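Written out below as structure tokens is the structure these notes cover.
Below, read A as the first sequence line, B as the second, and so on, with proteins coming before strands; counting in each chain starts at 1. Note that the coordinates shown come from a computational prediction; the quantities given were computed from them, not determined experimentally. All heavy atoms count here, side chains included; hydrogens, waters and symmetry mates do not.
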Amino acid sequence: MKRFTVKELFAHASALANQSVSVTAWVRTVRDSKTFGFLELNDGSFFKNVQVVFDSDLENFSDVAKLPISSTVTVEGTLIYTPDAKQAFEIRAAQVRIDGYSVSDYPLQKKRHSFEYLRSIAHLRPRTNTFSAVFRVRSLAAFAIHQFFQERGFVYVNTPIITTSDAEGAGEMFRLTTGTNDEFFGKPASLTVSGQLNAEAYSLAFGNVYTFGPTFRAENSNTARHAAEFWMIEPEMAFAELADLLMVAEDMVKHVIHYVLEHAPEEMAFFDQFVEKGLLARLQHVVESDFARVGYSEAIELLKTAKVDFEYPVSWGLDLQSEHERYLCEQVFKRPVFVTDYPKDIKAFYMRMNDDGKTVAASDLLVPGIGELIGGSQREERLEALKKRMVEMGLNPEEYAWYLELRAYGETKHAGFGLGFERLLMYLTGMSNIRDVIPFPRTVGHAEF
RNA sequence: UCCUCGAUAGCUCAGCGGUAGAGCAUCCGGCUGUUAACCGGAGGGUCGUAGGUUCGAAUCCUACUCGGGGAGCCA
């Protein structure tokens with residue numbers, strides 16, 4: 001008898017009507033009465049469960065009826081097509097073989113659990129509806145990102161996880177040690193906080209490149225949006241200006257949304273119903289509308305004239321606070337918004353100075369509910385200007401010798417951005433805590449599992 | 001790191017000075033079409049830890065630990 005996955009059964013239910021099928025899966029729930037019962041099975045291949053009807057003709061009827069949740073069974077039976085019932089089809093069991101017993105203290109019950117509790121059993125939570133949906137979407141979104149860049153000729157570069165450059169300017173680093181006093185690499189080494197500088201080198205050879213890999217920040221952040229280990233996508237484009245970069249960023253976000261809506265409709269409908277009401281309408285709106293663009297200076301004016309009492313002051317030269325970012329994208333523009341041309345003093349040394357001498361060609365993409373999803377800039381390609389900025393910001397140009405050589409040997413304008421993959425997932429799924437979109441999250445004080 | 005809220009049964013919570021409760025889960029029984037099935041019964045707790053106030057503390061006070069939310073840092 002041919003064995004099918006649950007996904008295959010759902011895909012071909014009408015064609016398989018009245019045929020003999022076999023499926024091996026875990027028991028999600030059992031309901032029984034005196035002479036018959038129902039099993040709901042899931043084998044991980046599909047979001048929905050397959051319903052199995054079994055009756056007292058089975059020699060092991062009472063054993064099956066008492067199966068603890070998450071036991072493993074192989075069912076052989078006839079597929080009954082039931083398009084008018086709550087389930088599209090069911091399997092009338094001729095035989096239920098018990099492959100492996102679970103036990104009655106299985107921590108996942110047939111009820112809603114809090115996300116906090118599920119975090120404490122991170123090894124089991126992928127068996128729940130919510131996390132099954134989250135991590136399938138995570139997989140699809142990762143593929144969609146590769147697809148987007150590959151189709152546009154970007155070269156995927158694996159930038160190093162271990163780095164000895166001491167001040168990439170993107171936060172606290174984890175120091176690496178072998179446990180002895182020797183410096184394995186001859187000098188202090190750390191886990192990377194960004195692949196950007198390395199990606200720039202490759203963009204000045206291949207033109208368009210992107211990285212997609214893990215990133216580490218040793219910051220004592222305790223929020224729903226920060227983790228010590230997360231994944232980041234960093235495209236870098238030669239011969240490109242800030243405006244070119246923003247177009248790519250917008251197209252990429254839309255592509256990923258489109259892809260997951262098309263390839264995970266059951267999961268996305270589940271999020272819309274149980275995680276964030278209105279999610280599908282929100283994403284549809286994003287795909288169909290143009291992202292807003294506003295200069296930092298104009299954004300400051302909008303905030304100054306806003307009829308809202310902000311906790312933090314607004315004035316030109318200060319960085320935008322969370323409440324300001326939220327006001328801009330949620331109240332003023334009601335969609336994702338690129339804020340561009342920030343004051344040079346609140347941005348990194350490598351960002352390209354604008355002609356006004358006060359602002360740099362940088363942009364953050366702010367989205368409702370998440371805050372900063374993307375941070376990017378045109379890079380300073382002019383060797384002397386770059387050196388000048390490094391000195392002004394207290395960096396030693398000698399430590400960036402190879403980075404400066406990129407400018408010396410055929411300088412050209414180029415631009416890139418960093419996208420926090422988990423933040424994108426939060427935006428796609430409506431999940432509100434970054435710890436719930438990473439399989440085994442690492443945050444301050446937490447690296448279990 | 002700061003602010004704030006919280007910690008009571010396996011899970012989600014109520015009780016807020018006077019002998020510890022509910023729903024779900026578990027176990028037992030019933031039920032011929034269920035959909036987080038339903039109905040009946042049972043078992044299950046040194047009320048986060050340590051100290052204090054009080055005749056008496058889950059309840060009030062202090063410290064600590066852990067967790068949620070917000071802020072900063074950022075992606």
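- For the residue pair A:T5 / A:D43, no side-chain donor-acceptor distance below 3.5 Å is found, with atom types taken as modelled.
- Comparing B:U26, B:G68, B:G72 against the side chain of A:S104 picks out B:U26 as the nearest.
- A donor-acceptor contact under 3.5 angstrom links the side-chain atoms of A:S221 to the base of B:C73.
- To the nearest angstrom, P of B:A71 lies 14 Å from CG of A:D319.
- Scored by the ring pair (Phe, Tyr, Trp, His ring centres under 6.0 Å) test, A:H12 finds no partners at all (sequence neighbours excluded).
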Contact string for nucleotides 3-15 of chain B, one letter per nucleotide 5' to 3', B = base within protein heavy-atom range under 4.0 Å, S = sugar-phosphate only, - = neither, reads -------BBS---
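- Note on A:F421: nothing from the nucleic acid sits closer than 4.0 angstrom, heavy atoms only.
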Please list, for nucleotides 30-34 of chain B, all pairs of protein and nucleotide N/O atoms separated by less than 3.5 Å.
| from | atom 1 | to | atom 2 | distance (Å) |
| --- | --- | --- | --- | --- |
| B:C31 | OP1 | A:K34 | NZ | 3.1 |
| B:G33 | O6 | A:R92 | NH2 | 2.3 |
| B:G33 | N1 | A:E90 | OE2 | 2.9 |
| B:G33 | N2 | A:E90 | OE1 | 2.4 |
| B:G33 | N2 | A:E90 | OE2 | 3.2 |
| B:U34 | O2' | A:R31 | NE | 3.0 |
| B:U34 | O2 | A:R31 | NE | 2.9 |
| B:U34 | O2 | A:R31 | NH2 | 2.8 |
| B:U34 | N3 | A:Q51 | OE1 | 3.1 |
| B:U34 | N3 | A:Q51 | NE2 | 3.0 |
| B:U34 | O4 | A:Q51 | NE2 | 2.7 |
| B:U34 | O4 | A:Q87 | OE1 | 3.3 |
| B:U34 | O4 | A:Q87 | NE2 | 3.3 |

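- Across all strands shown, B:C2 forms a Watson-Crick or G-U wobble pair, both distances under 3.5 Å, with B:G70.
- Across all strands shown, A:N49 has no heavy atoms under 4.0 Å from either base or sugar-phosphate atoms.
- Each of A:Y259, A:F212, A:F148 was scored for a ring-ring contact (aromatic ring centres under 6.0 Å, His included) with A:F143, with one residue passing: A:Y259.
- Contact annotation: A:R225 does not reach the phosphate of B:G70 (side-chain N/O to OP1 or OP2, under 4.0 Å).
- A close approach under 4.0 Å does occur between a side-chain nitrogen or oxygen of A:S322 and OP1 or OP2 of B:G72.
- Put simply, CD on A:E219 is 15 Å from C1' on B:A71, counting in whole angstrom units.
- The side chain of A:N433 contributes an N or O atom lying less than 4.0 Å from OP1 or OP2 of B:G69.
- A:R423 has no side-chain polar atom (N or O) that falls below the 4.0 Å cut-off from OP1 or OP2 of B:C74.
- Contacts of A:S120 with the nucleic acid, taken as non-hydrogen atoms under 4.0 Å apart, are absent.
- Counting any heavy atom pair closer than 4.0 Å across all strands shown, A:D105 reaches no nucleic acid atom.
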